[in-house]
2 protein chains.
Amino acid sequence: MNALSQREQALFLLLNEIGIISQLSSARLERLLPHGLTVAQFGLLNHLVRLDGDWSPARLAAAFQVTKGTMTSTLQRLEAKGFISMRANPADGRAKIVTLTDAGRRAREAALAAAGPGLADLKAALSPADVDTLIPGLQKLRIWLDMHR
Amino acid sequence: MNALSQREQALFLLLNEIGIISQLSSARLERLLPHGLTVAQFGLLNHLVRLDGDWSPARLAAAFQVTKGTMTSTLQRLEAKGFISMRANPADGRAKIVTLTDAGRRAREAALAAAGPGLADLKAALSPADVDTLIPGLQKLRIWLDMHR
DNA sequence: ACCTTATAGTTTGACATCGTACTATAGTCA
DNA sequence: TGACTATAGTACGATGTCAAACTATAAGGT
């Protein structure tokens, strides 16, 4: 009936918790974001601000570990909002170059300011020690999953 | 420029890792499932098998922490596959009663058997101690998020 | 040069999810 | 009994996501 070992059950529980947290925290964050930004869009803006330089959609897809199709869609929506611009890569006829616009930079600032309080509330849920305990294990799991897909 | 304290940044990183793991592990599981079952559908079948009794869509939505609309949609797809049946609740004209069918029970068995190996592989990623370390903190976070939404 | 393979990006169809709005039934209370 | 409020379920539109199929360009090998 239950074909899972105890260890497998623990792993199952772990992934279950992670799924629920992901869902709840995304919904929570998204409600705070301005300009109708989604979590995916906000993440992309943050990435482009922090790691300046030229990014192709393919590199972005790899960085976020989503498919190219998913990245195409998110980039199109951000472009429609005027927060990024895309141009052809003169050195590679297949590729595009993604650039953050000034409006995108401002939107990211506003989003960060709006999201801050939501994150601050979370301090009540987890102590700094809790967070430090969780992060290494989760990174291990994330890296393993990334390498074995 | 970066309006987040160090602690907030750590929390942000934590939620980021959780989001990526959730995405990768769901995609991984879904590739293994038979009958075109999705993770959401599989979770629902598991729930109905383990916790026998009568469940309304509303109770299921609360248990899975999704909206009623989401649950309506998933239940309709499972019903179309013949894995659950729904009937009106004679004691409450608003409510429905969800029941697992025999085909649903068999599909869940098959799905569990198919998912087992994928979970077993994960043992290579995390030791039992790692899992035991992660679960309490994640539960704390999940419960807090659930209570504050 | 040509053929094969790899990579970049888009499109499409299916699903889960949210939030909002809506209908119908229950329950409460004056 | 009648009005207000709460709950159950559904519908809709938007978004993210995947997988698969497709086009276009690049790179390698013979």
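Only this structure's heavy atoms are used, side chains among them; waters, hydrogens and symmetry mates stay out. To find a chain, count down the sequence lines: A is the first, B the second, and so on, and within it residues start at 1.
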Student: Find the distance A:Met86:CE to C:dG9:P and express it as a whole number of Å.
Tutor: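 Going from CE in A:Met86 over to P in C:dG9 covers 9 Å.
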Student: Check the distance between C:dA14's C1' and B:Leu37's CG and give it to me in whole angstrom.
Tutor: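 Rounded to the whole Å, the gap is 14 Å.
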Student: Report the nucleotide, chosen from C:dA16, C:dA8, D:dG9, that has the shortest atom-to-atom distance to any side-chain atom of A:Ala95.
Tutor: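 Of C:dA16, C:dA8, D:dG9, C:dA8 is nearest to the side chain of A:Ala95.
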Student: Of all the heavy-atom pairs spanning B:Gln139 and A:Glu17, show the shortest one and how long it is.
Tutor: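 For B:Gln139 versus A:Glu17, the nearest heavy atoms are CG-OE2, 3.3 Å.
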Student: Can you see which heavy atom on A:Arg108 is nearest to which on A:Asn46, and at what distance?
Tutor: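 In terms of heavy atoms, the two residues are closest at NE-OD1, 2.7 Å.
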Student: Between A:Thr101 and A:Arg105, does the side-chain hydrogen bond (donor to acceptor under 3.5 Å, both in side chains) criterion hold? Intermediate values first, please.
Tutor: CA-CA 6 Å; A:Thr101 64; A:Arg105 212 172 295 271; over 6 Å; no
Student: Of A:Val39 and A:Pro90, whose closest DNA chain D nucleotide lies nearer the 5' terminus?
Tutor: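 Looking at the nearest nucleotide for each, A:Val39 comes out on the 5' side.
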Student: Find the distance A:Gln41:CD to D:dT17:C1' and express it as a whole number of Å.
Tutor: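 Going from A:Gln41 (CD) to D:dT17 (C1'), I get 14 Å.
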Student: Quick one: is A:Thr72 getting a side-chain N or O under 4.0 Å of the C:dT10 phosphate, OP1 or OP2?
Tutor: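 Indeed, a polar side-chain atom of A:Thr72 lies that close.
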Student: Between A:Ala40 and A:Gly93, just flag the one whose closest nucleotide in DNA chain D comes earlier from the 5' side.
Tutor: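 It is A:Ala40, whose closest nucleotide lies nearer the 5' terminus.
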Student: Please report the distance, rounded to the nearest Å, between CE in B:Met71 and P in D:dT7.
Tutor: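 In whole Å, D:dT7 P lies 18 Å from B:Met71 CE.
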Student: Nearest whole Å is fine: how far is D:dG9 P from B:Glu79 CD?
Tutor: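 These atoms are roughly 13 Å apart.
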Student: Name the residue closer to the 5' end of DNA chain C, choosing between A:Ser73 and A:Ala27 according to the nucleotide with the nearest heavy atom.
Tutor: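 Closer to the 5' end of DNA chain C: A:Ser73.
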Student: Measure the distance from CZ on A:Arg87 to C1' on C:dA8 and round it to the nearest whole Å.
Tutor: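 Interatomic distance, CZ of A:Arg87 to C1' of C:dA8: 16 Å.
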Student: Over all strands shown, is A:Gly69 touching base, sugar-phosphate only, or nothing at heavy-atom distances under 4.0 angstrom?
Tutor: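 Base, at least one base heavy atom under 4.0 Å.
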Student: In terms of side-chain heavy atoms of B:Gln23, which of D:dC18, C:dC15, C:dG9 is nearest?
Tutor: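 Out of D:dC18, C:dC15, C:dG9, the nucleotide with an atom closest to B:Gln23's side chain is D:dC18.
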Student: Are B:Thr67 and C:dG19 close enough that a side-chain N or O sits under 4.0 Å from OP1 or OP2?
Tutor: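 For C:dG19, OP1/OP2 do not have a side-chain N/O of B:Thr67 under 4.0 Å.
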Student: Can you find a side chain N or O atom of A:Gln76 that sits less than 4.0 Å from OP1 or OP2 on D:dT15?
Tutor: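 For A:Gln76, the contact criterion (side-chain N or O under 4.0 Å from OP1 or OP2 of D:dT15) is not met.
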Student: Choose from D:dT15, D:dA8, C:dG9 the nucleotide whose nearest atom is closest to any side-chain atom of B:Lys68.
Tutor: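 Side chain of B:Lys68 sits closest to D:dA8.
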Student: Check the phosphate of C:dC18 against A:Arg31, side-chain N and O only, distance under 4.0 Å to OP1 or OP2. Yes or no?
Tutor: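 A:Arg31 to C:dC18 OP1/OP2: no side-chain N or O under 4.0 Å.
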Student: How would you label the contact of A:Ser56 with the nucleic acid (heavy atoms, under 4.0 Å): base, sugar-phosphate, or nothing?
Tutor: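 Answer is sugar-phosphate: A:Ser56 comes under 4.0 Å of backbone atoms only.
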Student: Can you tell me which nucleotide in C:dA16, D:dT10, D:dG16 comes closest to the side chain of A:Arg77?
Tutor: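 Out of C:dA16, D:dT10, D:dG16, the nucleotide with an atom closest to A:Arg77's side chain is D:dG16.
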Student: A:Thr67 vs A:Thr70, test: side-chain hydrogen bond (donor to acceptor under 3.5 Å, both in side chains). Steps then yes/no.
Tutor: CA-CA 5 Å; A:Thr67 63; A:Thr70 296; 3.0 Å; yes
Student: Report yes or no: does B:Thr72 contribute a side-chain atom to a donor-acceptor pair with the main-chain N or O of B:Lys68 at less than 3.5 Å?
Tutor: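 Answer holds: yes.
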Student: Between B:Asn89 (CG) and D:dT7 (P), how many Å, whole number?
Tutor: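 The distance from CG of B:Asn89 to P of D:dT7 comes to 17 Å, rounded to the nearest Å.
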Student: Which whole-number value in Å describes the distance from B:Lys96 NZ to C:dT25 P?
Tutor: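 B:Lys96 atom NZ is separated from C:dT25 atom P by 13 Å.
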Student: Given D:dG9, D:dT25, C:dA16, identify the nucleotide with an atom nearest to the side chain of A:Arg94.
Tutor: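 Per side-chain heavy atoms of A:Arg94, the pick is D:dT25.
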Student: I want to check one thing: is the phosphate of D:dC18, taken as OP1 and OP2, less than 4.0 Å away from some side-chain N or O of A:Thr70?
Tutor: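 Affirmative; the distance criterion is met.
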Student: Which one, D:dC18, C:dG9, C:dT25, comes nearest to the side chain of B:Asp92?
Tutor: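 Given the options D:dC18, C:dG9, C:dT25, the side chain of B:Asp92 is closest to C:dT25.
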Student: Which heavy-atom pair separates A:Gly137 from B:Leu126 by the least distance, and what is that distance?
Tutor: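 Heavy-atom minimum between the residues: O-CD2, 3.8 Å.
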Student: Among D:dG9, D:dG16, D:dC18, which nucleotide sits nearest the side chain of A:Thr38?
Tutor: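 The answer is D:dG16, which lies nearest to the side chain.
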